[in-house]
Amino acid sequence: MKNGLNTSCLHLEGGDETELHYGAISYPIYQSATYVHPGVGRSTGYDYSRLQNPTRERLEKVVAGLEGGIDAFALSSGMAAIALLMEIFAPGDHIIVEADLYGGSIRLFDNVSVKNNIEITYLNCSSEDISSVIKPNTKAIYIETPTNPMMNVSDIEAFSKIAKEHGLILIVDNTFLSPYFQNPLKLGADVVIHSGTKFIGGHNDTLAGFIVTDKADIKEKLRFLIKTTGSGLSPFDSWLILRGVKTLGIRMERSQDNALKIAKWLQNESLVTKVYYPGLEDHPGYELIKRQARGFGSMITFDVDSKEHALKILEKVEIIKFAESLGGVETLITYPTTQTHADVPEEVRLKNGITDRTLRLSVGIEDIEDLIRELTDVFSSIKEEDHA
Ligand SMILES: Cc1ncc(COP(=O)(O)O)c(C=O)c1O
């Protein structure tokens with residue numbers, strides 16, 4: 001029988017081979033660029049760390065196991081993962097892409113992919129009809145669910161059905177829920193992307209990215225590409241992410257508990273005009289996310305009533321840190337307009353619902369009383385200044 005998720009974060013399915021490493025409970029960091037050949041035509045299984053490294057391989061096996069893939073690829077960042085994946089496409093190919101994506105992914109598609117003559121069509125995948133934009137040269141559908149930052153939820157199984165009917169590859173960026181809460185491959189996706197910098201690593205200290213697949217042909221292409229382009233994760237960073245992943249489950253649960261309380265608190269705050277959190281029953285994706293995932297995650301986007309108030313919140317927070325990124329143990333607040341989505345054209349941002357009144361919270365594992373107290377103090381002080 002397969003182990004549970006928390007066990008799988010710690011132990012490999014089918015034995016840990018600790019006896020090969022002097023019983024070390026923490027997998028060793030193989031800080032070696034190259035490997036001695038025992039003889040001509042013979043190999044230890046490792047020849048050169050650009051191709052593969054034992055520490056990176058161990059991490060890849062853990063992440064592949066968590067997502068239900070046949071293989072995973074650990075890259076030097078989430079963007080390195082997405083950029084590598086784009087190399088499986090050829091000039092002239094067409095990809096349908098969710099409109100509300102992480103701004104860096106949009107920057108990559110609009111600048112690098114388009115330069116490589118890959119055609120991109122953006123679509124609001126949670127509400128618009130995809131069939132009408134599929135063309136003879138369409139090769140893939142690329143979605144995030146929930147999306148960054150507007151928290152739209154898309155139906156992975158429905159997209160997988162359409163993808164299969166038309167012979168397309170379905171790619172899902174699963175960063176926001178992590179493999180602990182959602183497994184797109186099990187819902188019919190072909191490829192899963194993660195910014196491992198976020199929940200998988202979980203400590204706001206290491207950049208990493210993952211591509212996971214359950215398709216043998218895609219796996220073969222990616223093994224060739226990682227060897228050829230050389231963006232594999234370093235042994236030390238692989239070890240840091242391995243260490244982070246051990247606590248994935250308890251971090252996800254704890255930060256989700258905090259997030260639900262904060263989302264409800266924000267709903268009752270008079271300066272907040274809208275809260276986007278799929279764990280709230282009035283979120284349009286609530287029923288869908290309950291069906292396809294095991295949790296709602298800990299990302300909350302919200303609008304306040306003015307730009308001035310949004311900026312004041314960023315100035316006043318103390319425990320909550322005003323910083324880019326997400327998915328770590330510390331609670332972060334982000335201003336998508338000038339940070340994560342600064343390179344997205346303004347008209348696209350506005351169409352997606354990102355305004356200068358929009359803020360994004362990545363809720364961490366602090367004591368909830370402290371987070372709520374801080375938010376109460378920040379909003380009260382803004383109201384006092386308004387009335388002064
Ligand atoms: C959903 C999503 N995908 C990919 C990335 C890119 O990851 P990285 O910053 O590790 O390159 C990010 C970064 O914020 C993200 O939010």
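Only a predicted model underlies this, so the values are computations on that prediction, with no experimental measurement involved. All ligand and atom numbering here is 1-based and tracks the order in the structure. Numbering of residues begins at 1 and proceeds along the displayed sequence.
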Would you mind writing out a table of all protein N or O atoms found under 3.5 Å from any N or O atom of ligand 1, naming both atoms and giving the distance to 0.1 Å?
from: ligand 1; atom 1: 3 (N); to: D173; atom 2: OD2; distance (Å): 2.7
from: ligand 1; atom 1: 7 (O); to: S195; atom 2: OG; distance (Å): 3.0
from: ligand 1; atom 1: 10 (O); to: G78; atom 2: N; distance (Å): 2.8
from: ligand 1; atom 1: 10 (O); to: S195; atom 2: OG; distance (Å): 2.8
from: ligand 1; atom 1: 10 (O); to: T197; atom 2: OG1; distance (Å): 2.6
from: ligand 1; atom 1: 11 (O); to: G78; atom 2: N; distance (Å): 3.0
from: ligand 1; atom 1: 11 (O); to: M79; atom 2: N; distance (Å): 2.8
from: ligand 1; atom 1: 14 (O); to: K198; atom 2: NZ; distance (Å): 3.1
from: ligand 1; atom 1: 16 (O); to: N148; atom 2: ND2; distance (Å): 3.0

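Taking the six-membered ring for Trp and the full ring otherwise, Y286 and F296 have centroids separated by under 6.0 Å. Checked against the 6.0 Å centroid criterion, the rings of W239 and Y30 do not qualify as a close aromatic pair.
Taking the charged nitrogens against the carboxylate oxygens, K139 and D93 do have a contact shorter than 4.0 Å, which makes a salt bridge. A salt bridge does not link K186 with E67: every distance from a Lys NZ or Arg NE/NH1/NH2 to an Asp or Glu carboxylate oxygen is 4.0 Å or more.
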Could you check Y277 against H283 for ring pair (Phe, Tyr, Trp, His ring centres under 6.0 Å), going step by step and ending with a plain yes or no? CA-CA 7 Å; Y277 180 64; H283 186 282; 8.1 Å; no

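More than 12 heavy atoms of other residues, nucleotides or ligands shown are found within 6.0 angstrom of CZ on R254.
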